[in-house]
Amino acid sequence: MAADPRGGLDEGSLLGGVTLRPVPESVPRARREFRVFTASYNLACSIDDCVLMLSELVTNAVLHGRAEESWRVRVEWWRAGESLRVDVHNPGLPAGVRRRDPDADDAHGRGLLLVDALSDDWSAGPSRFGGTVVSFRFDAAWKP
């Protein structure tokens, strides 16, 4: 995992994104928006793996984001060279993001294990919007 003080992995070109309300219904909306985004590209990475990781991160943002006033979850997708990066921003505290090693009978705690296993890299840290950003990256999403 590589932390970046700007709130994500390495810089790149912003390709798109969506702002979501912090409600469970935002998870399927994020999946739909991402699939619409990826339909116009011939990506070499697994879209299903990206959607699974996106679902986990948006779920975590909805469950764990906190703010005094009305707040939103922001999802962005970026291209950095041949890499695809997905950022999920929420107003929660960055210090609370960590990969857990749950017991077999634990109902929660596997989201970042999936992200760690499926992505080429991931990070968590302060968001440029305030709060937290959790990102994942696929290195060879665009083949030369």
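At least one side-chain heavy atom of Asp139 sits less than 4.5 Å from a side-chain heavy atom of Ser83. Looking at Arg32 and Val36, their side chains never come closer than 4.5 Å, going by heavy atoms from C-beta outward. The side-chain heavy atoms of Val86 and Met53, taken from C-beta on, include no pair separated by under 4.5 Å. The closest side-chain heavy-atom distance from Phe136 to Leu112 is not below 4.5 Å. Using a 4.5 Å heavy-atom threshold, the side chains of His89 and Glu76 count as touching. Proximity of Tyr41 to Leu15: side-chain heavy atoms (C-beta onward) are separated by under 4.5 Å at one or more points.
Between Leu54 and Val75, the shortest heavy-atom distance links the atoms CD1-CG1, 3.5 Å. The shortest non-hydrogen separation linking Ala124 to Val134 is CB-CG2, 4.1 Å. Of all non-hydrogen atoms in Pro91 and Arg72, the two that sit nearest each other are CD-O, 4.0 Å. What you find for Thr19 and Arg29 is that their closest heavy atoms are O-NH1, 3.5 Å. Residues Val62 and Pro24 come closest through the heavy atom pair CG1-N, 4.1 Å. When all heavy atoms of Cys45 and Leu84 are compared, the pair lying nearest together is SG-CD2, 4.1 Å.
Remark: side-chain polar atoms of Thr38 are paired, donor with acceptor, to backbone N or O of Phe34 under 3.5 angstrom.
For Ser135 and Asp87, the side-chain atoms include at least one donor-acceptor pair closer than 3.5 Å. Side chain to side chain, Trp71 and Asn90 fail the donor-acceptor criterion of an N or O pair below 3.5 Å. Using modelled atom types and a 3.5 Å distance limit, the side chains of Ser119 and Arg137 yield no donor-acceptor pair.
For Trp78, the ring pair (Phe, Tyr, Trp, His ring centres under 6.0 Å) test picks out no residue, with sequence neighbours left out. Phe138 is linked by a ring pair (Phe, Tyr, Trp, His ring centres under 6.0 Å) to nothing, counting only residues two or more places apart in sequence or in another chain. Qualifying salt bridge (Lys or Arg N to Asp or Glu O under 4.0 Å) partners for Arg35, counting only residues two or more places apart in sequence or in other chains: Asp48.
Atom-to-atom distance recorded for Asp49:CG and Leu118:CG is 4.5 Å, nearest 0.5 angstrom. The CG atom of Leu57 sits 9.5 Å away from the CG atom of Leu52 when rounded to the nearest 0.5 Å. In this structure, Cys50 SG and Arg85 CZ are separated by 13.5 Å, a value rounded to the nearest 0.5 Å. Taking CH2 of Trp77 as the start and CG of Leu14 as the end, the distance is 9.5 Å to the nearest 0.5 Å.
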